[in-house]
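Step one of this worksheet: look at the structure below.
Excluded from the calculations below are hydrogen atoms, water molecules and symmetry mates; all remaining heavy atoms, backbone and side chain alike, are included. Note that the numbering runs from 1 along the sequence shown for the chain. Remember, it's a predicted structure, so these values are computed and weren't measured experimentally. Indexing begins at 1, ligand by ligand and atom by atom, following the structure's order.
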Amino acid sequence: MNNNLLDKLSPLIGEINRHLEETFKAQEGLLSEIGLYNYLGGGKRLRPLVFLLAAHSLKDTFPLPDFFFRSSIVFELIHMASLLHDDIVDHSEMRRGRKSAHLVFGITETVLSGDFILARASTLAMETGSMDFIGILTQLLEDLSIGELKQLKLRFNSAISLDDYYDIIKSKTAVLMSSAARAGALIAKGTNKELAALTQYGLDFGLGFQIKDDILDYKADPKTLGKPTFKDLAEGRITLPIILAAKNLSAKSAKELLRLAAKKQRDPEDFLAIASLIEEGQGIEEAQVIAEKHAENASLALGSLPDTVAKGLLIDLARYGAIREN
Ligand code: FPP
Ligand code: MG
């Protein structure tokens, strides 16, 4: 995140972190340890930020009530729990530059603490007293699980279509962003039209963000990224750069690219061959254009809202999601 944007967001991030830290410090034993390990691993706190900025874009009171901050962490807790579980599902060893929690605390312990974090998020949602808020949360949990299962089913499957890919990234990432934006609008007592605008914003922000994530898997510096590159390939995830490159390449090269992408036991040179075929098929460049288009659509979705500081920050955040380097 550039320093200018970070400076503007840091008061909100500070409050979000305070609530997260309090939540984990209040637990006992392993729940506190695993929670704090996860919390201290860092993260951009994008989901609660989207929640708070969505609320702020409709409610121009400074500062926002403490209750809004407390509710915002629902969306960071769900994100945290899903990543604890996801690293087990994916057998991933590294997250945010450190060992994944299951390698430090054990698989059973990490699954259960992820369950606890989900339960904690549900309690906070219940405290809002809003059935609509709870409805956003329950639908989100269904979508996340469905997305992860679909992704699992299509691992190492070269027949994955563009629609399959969009289904997966929508449920695993974009719905979390759109739920955060919608819930923020809800808590600020937005109209149905405002809720719809912010939901669409979150969806496009999330799609652009995940497409950029899939690009970074091929081209980021692993140190900045905090996880190894080519991880999607290693774990069998065939993502947009490959799908697009395969469409642009000659039939023979496309077949070779998809064969290598679906290969379970790869030699080191296979990774290089895949990278060079993606380059030849312009997979990264085309995916980047699409990511930026989603960021632009996210901004356009806010067109009917008044021009507030919060709206400007939502627009900056969506752009950042599509052009970031980590
Ligand atoms: C990361 O994708 C995975 C997700 C964002 C979704 C994980 C969802 C579940 C485990 C379903 C259960 C849901 C809950 C709420 C417990 P990735 O593996 O492509 O990203 P990565 O490279 O960062 O691991
Ligand atoms: Mg994973």
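Nearest residue to atom 8 (C) of ligand 1 from R96, E148, M80 is E148 (criterion: closest heavy atom).
Here is the list of ligand 1 atoms found below 4.0 Å of a heavy atom in K172: 2 (O), 5 (C), 17 (P), 19 (O). Using a 4.0 Å cut-off to heavy atoms of R237, the atoms of ligand 1 that qualify are 18 (O), 19 (O), 22 (O). Set against the non-hydrogen atoms of H85, the atoms of ligand 1 under 4.0 Å away are 10 (C), 16 (C). Remark: ligand 1 atoms within the under-4.0 Å shell around heavy atoms of L118 are 15 (C), 16 (C).
Formation of a donor-acceptor pair under 3.5 Å by the H102 side chain with backbone atoms of D87 is found in this model. In terms of modelled atom types and a separation under 3.5 Å, the side chain of K150 and the main chain of D167 share no donor-acceptor contact.
At least one heavy atom of L141 sits under 4.0 Å from some atom of ligand 1. In this structure, E235 falls outside the shell of residues with a heavy atom less than 4.0 angstrom from ligand 1. Under a 4.0 angstrom heavy-atom cut-off, D90 registers as being in contact with ligand 1.
Among all protein heavy atoms, the one lying closest to atom 12 (C) of ligand 1 is S145 OG, 4.0 Å. Nearest protein heavy-atom contact of atom 22 (O) of ligand 1 is K231 NZ, 2.8 Å.
A cation-pi arrangement is present between R324 and F209, with the terminal nitrogen or guanidinium carbon under 6.0 Å from the aromatic centre and inside a 45° cone about the axis. Stacking of R98 on the aromatic ring of Y37 is recorded, both the 6.0 Å distance cut-off and the 45° axial limit being met.
Closest heavy-atom contact between L233 and F271: CD1-CD2, 3.9 Å. Between Q288 and A322 the shortest heavy-atom distance is NE2-O, 2.9 Å.
In this structure, E109 CD and E33 CD are separated by 10.5 Å, a value rounded to the nearest 0.5 Å. Rounded to the nearest 0.5 angstrom, Q282 CD and N248 CG are separated by 7.0 Å. Here the CG-CG distance, from L53 to L317, works out to 6.5 Å after rounding to the nearest 0.5 Å.
Distances from the Mg ion (ligand 2) to each N, O or S atom of D90 single out OD2 as the nearest. When the N, O or S atoms of D86 are ranked by distance to the Mg ion (ligand 2), OD2 comes first.
Checked against a 3.5 angstrom limit, the closest N/O atoms of D86 and ligand 1 fall inside it. Polar contact with ligand 1: present for R95 (N/O pair, distance under 3.5 Å).
The nearest N, O or S atom of D87 is not closer to the Mg ion (ligand 2) than 2.8 Å.
Just one residue in the list I187, I16, L313, L9 forms a side-chain contact (heavy atoms from CB on, under 4.5 Å) with L52, and that residue is I16.
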